[in-house]
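In what follows, a structure is listed as structure tokens, so that the remarks can point back to it.
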Amino acid sequence: MKLGIDFGTSNSAAAAVIDGQVVPVRFGEALQFRTTVYFPEVMRDPDDFELTSALEHQVAELIESGRRDANAAGRSRTPQELRRDAIRVVRRQWMEQQVREPRSSAALLQNAVYGDEALDAYFLENEGNLVQSPKSMLGYNLHPRARQTITGIATHILEHIRLTASRQFQVNVRTATLGRPVQFRSSIGDAGNAQAMEILESAAIAAGFDAVDFLEEPSAAAMHYHAGSRERHDTVVVDIGGGTTDVAHASIGGDGAPQIHRAWGIPRGGTDIDLALSLAAYMPLFGRGITRVPTHHYVEAAMVQDMTRQRDFRQHRYQDVDAPFDKRLQALQDTGNTARLYRGVERCKIALSSAPSHRELLDFIERDLQVEVESTALVEAASTYLRELQELLAEVRADIGREPASVFLTGGMSRAGYIQRQVAAAFPGARLVQGDPSFGVVQGLALSAAS
Ligand SMILES: Nc1ncnc2c1ncn2[C@@H]1O[C@H](COP(=O)(O)OP(=O)(O)OP(=O)(O)O)[C@@H](O)[C@H]1O
Ligand SMILES: [Mg+2]
């Protein structure tokens, strides 16, 4: 049995074809889980410090330079004093290194928790690491250790999926088709796509798959749409998720095989609207635009997917910022609070798709602190993304050179009316078909895996 796996920025799901029917994999009660991982941090105790021969060598070098400095300054230092100071320096460096570099990624990930339970575990434990949307880091310029950690996280997620599916289907699942965006989110241009696929492939092998192949997510959604379409016709499939927006042009329906003509994609999605909304509507409560705290601090705090930025944010000192922003920023630095704030921002984005305003209590920051956001703020926050979407769809329309008969819309963001309207406006002559927002891609992946 070959599995279809949708490893999404925000949500992951899997399915397989059994007796001609697509059967979703169940994760507890649900058919998908949030692509979030929590792992308790492994840190060395200062008491574990031991002078290895390598550290002893550093101590000897520090004693020597300390002696030279003392001589140059005309001071006299006893050998005991020089040695004590040298050990203090080496020990401090050792501790800093242990905090930066946990023992090994494998040890770190042994106690990992996935999905919504990851957030709960993080809030409960109040320490450790929360990794949200690891997919959005796959195409980034990664330090070798960070790459190892990300690969380990992807491995655990894929293993979780493989084992859950194997239990449910009562066979040892060993092959899969994985979805991939047309363009991964990347900080290294096109090389990001190759790196992301390499990481996913090695993670899949480490997770116990013998082999995996990849299918572009909008092409998968087209396969799904094809399976339910009686009439052969020309369609444009639009999949708008948390991290990427993907489009495919295909001939589907009827008795023939689906034909994918071309795919397009931009590394932008729902999380970009979240970021803009957070900066515009939430961060002013923390002094953005009011204090002299640099804007990039607020970006670091808002980008919960980016482990490096999150760490940088927690290292700033805010005791000299004007009240009340000093205390609020310090509270935001407390464990779990950027994740709590982000959860609220996403809820706010979803609520404002259909309500004129949204109010949220931020009592984890300050007693009775509230944020009240009007839908005009969402319109403003979504404007950059909507412009990029409009440009992408105009390019697609120009490349195809004619109006498709239908536009098939899927992905979590396609639940929002403003997204539906924007897509419909780009193809005014086409029939808009509202697909299943959450499972269009994974069903197509399962069909493709089975064929
Ligand atoms: N009702 C809603 N209104 C607006 N946005 C929504 C709604 N429901 C979900 N979303 C957004 O949809 C996005 C998640 O969509 P989806 O599950 O398709 O993404 P994904 O497949 O994990 O990501 P990707 O395909 O980009 O890797 C999130 O940004 C979420 O906030
Ligand atoms: Mg998706």
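First listed ligand is number 1; within each ligand, the first listed atom is number 1. For this chain, numbers begin at 1 and follow the sequence in order.
Residue E117 qualifies as open at atom CD: its count of foreign heavy atoms under 6.0 Å is 12 or below.
Ring geometry, H249 versus W264: the interplanar angle falls from 30° to 60°, so the pair is classed tilted. Taking the six-membered ring where tryptophan is involved, the planes of H316 and H296 are perpendicular, since the angle between them exceeds 60° and thus also 30°.
Of the residues listed (T271, L138, I266), the one engaging R185 in a side-chain contact (heavy atoms from CB on, under 4.5 Å) is T271, and it is the only one.
Ligand 1 lies under 4.0 Å from heavy atoms of G8, T9, S10, N11, K135, E217, G241, G242, G243, T244, G270, E346, K349, I350, S353, G411, G412, M413, R415, A416.
If you look at H233 and Y225, their ring centroids are closer than 6.0 Å.
Under the rule for a side-chain hydrogen bond (donor to acceptor under 3.5 Å, both in side chains), R317 has no partner lying at least two apart in sequence or in another chain.
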